[in-house]
Amino acid sequence: MSALLRATSAVLFALAVGTGFAHAADKKITLGFSQIGAESEWRTANTQSIKDAAAAAGINLKFSDAQQKQENQIKAIRSFIAQKVDVIAFSPVVETGWEPVLREAKAAKIPVILSDRAVDVKDETLWVSFMGSDFVEEGRRAAKWLMDYGPVKALAAKGDVNIVELQGTVGSAPAIDRKKGFEDTIKGNPAFKVIRSQTGDFTRAKGKEVMEAFLKAEGKRINVLYAHNDDMAIGAIQAIEEAGLKPGKDIVIVSIDAVKGAFEAMMAGKLNATIECSPLLGPQLMSAVKDLVAGKTLPKRIVTQEGVFPAEVAAAEYPKRKY
Ligand code: AHR
């Protein structure tokens, strides 16, 4: 062992190969995490998972809630850089506009992990790993389930299937990708038509408001609602009932997340299917943070494994749901 290496281990330093940053092995790891907000049941579960996992892993977590504003996330990341945290992780509210702050993190030699949502930047060395769901696949799964669902198949055989779409936050990865996955899949069948599509910003209140507008404009023409998350579907269910229609029967509803609220709606016969998107990213994130600090190279992409839950399995699955 060289004198230099001996000296290095004597002061208990772990060198992070490939990331160019160093961390004293006897020091508690500090992670700065910028969360989007608390817009949905999913997001609340995601925050809890991150907080619980950090506590269990003995990681010092600096947590910041951006209240769905990109400028707040940028401020939080800058403050993490100023505080010299060991690792920064964040769920980007939108895809674009991150280059300057990510360059600042790189210059400060602080590695950045993307959690849940991706960014759209030319230089992919600005972040080390992206862990989360395949949102395009979720959109495809929603469309496939719909095209296979008996009552919708029967409608398609007779004429048009008029779909209204509640999109997530404008410019966010899940809104862009879930729209694309769904559209690409229904394209092959001309009976399936998206007649209205608007953002409900991933919230129940907006989901309700936009569904009211859809119903006003289209009335009983609407056969299907595709919502980019369960919260918007739950808000829309209220609007549908207030309009004197039966959600799940007069309007078939498929949404994404598979939160407990969706299972409750399915058991009540008001939602027809939910496509899983797991928020339980905390343990995976903490082990990635530890690996990074120990000098390991992380996979660039870590995809979450997820399923599809139709209403028929809701009662059996509900007791097993963790969020
Ligand atoms: O990024 C994941 C999405 O964000 C979830 O589907 C939605 O509920 C949340 O707000």
Side-chain angles (χ1 to χ4, degrees), residues 33-50 65-70 72-73 89-96 98 113-120 127 130-143 145 165-182 199-208 210-211 225-237 253-265 271 273-282 284-285 301-309 321-323:
F33 188 90
S34 165
Q35 180 60 288
I36 291 173
E39 74 281 5
S40 60
E41 206 177 317
W42 189 100
R43 188 66 52 199
T44 308
N46 180 242
T47 293
Q48 202 51 52
S49 169
I50 287 160
D65 178 334
Q67 299 181 335
Q68 277 181 285
K69 291 200 176 77
Q70 183 177 32
N72 290 345
Q73 289 203 288
F90 76 117
S91 288
V93 61
V94 291
E95 282 191 331
T96 56
W98 300 102
I113 299 175
L114 304 175
S115 165
D116 158 39
R117 297 186 184 179
V119 293
D120 182 4
W127 50 275
F130 164 38
M131 60 179 61
S133 309
D134 180 341
F135 296 136
V136 177
E137 180 55 27
E138 288 169 354
R140 280 191 210 115
R141 286 180 181 162
W145 174 85
E165 178 183 31
L166 281 170
Q167 295 180 41
T169 302
V170 176
S172 70
I176 295 166
D177 293 352
R178 287 171 183 168
K179 183 170 183 50
K180 182 178 167 14
F182 187 86
T199 180
D201 210 13
F202 282 131
T203 69
R204 285 186 192 202
K206 273 279 180 62
K208 178 170 189 271
V210 177
M211 190 68 207
L225 163 65
Y226 166 46
H228 289 192
N229 82 345
D230 292 336
D231 279 76
M232 293 189 293
I234 291 166
I237 284 171
I253 308 175
V254 57
S255 57
I256 297 176
D257 276 355
V259 294
K260 278 190 176 165
F263 281 79
E264 282 153 14
L271 177 72
T274 183
I275 313 301
E276 192 177 29
C277 174
S278 176
L280 307 178
L281 300 174
Q284 210 172 17
L285 176 61
R301 181 75 172 101
I302 303 168
V303 184
T304 319
Q305 300 304 313
E306 292 153 342
V308 172
F309 299 98
R321 298 306 293 165
K322 293 202 173 68
Y323 60 94

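Numbering of ligands and ligand atoms starts at 1, following listing order. Reckoned from all heavy atoms, side chains included, excluding hydrogens, waters and symmetry mates.
- No side-chain donor-acceptor contact under 3.5 Å links Gln70 to the backbone of Val93.
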Per-pair distances, 0.1 Å, donor-acceptor, side chain in residues 253-265, under 3.5 Å, sequence neighbours excluded:
residue, atom, partner, partner atom, Å
Ser255, OG, Asp230, OD1, 2.7
Glu264, OE2, Tyr318, OH, 2.4

> Yes or no on side-chain contact (heavy atoms from CB on, under 4.5 Å) for Glu95 and Val119, after CA distance, side-chain angles and deciding distance?
Replying inline: CA-CA 4 Å; Glu95 282 191 331; Val119 293; 5.8 Å; no

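- Using a 4.0 Å cut-off between a side-chain N of Lys or Arg and a carboxylate O of Asp or Glu, Glu276 and Arg141 do not qualify as a salt bridge.
- Annotation: ligand 1 has protein neighbours Glu39, Ser40, Trp42, Arg43, Asp116, Arg117, Phe135, Pro174, Arg178, Phe202, Asn229, Asp257, each with a heavy atom less than 4.0 angstrom from the ligand.
- Trp127 meets the ring pair (Phe, Tyr, Trp, His ring centres under 6.0 Å) test with no other residue; sequence neighbours excluded.
- Contacts of Glu165 classified as salt bridge (charged side-chain N to carboxylate O under 4.0 Å, His left out), with partners at least two apart in sequence or in another chain: Lys179.
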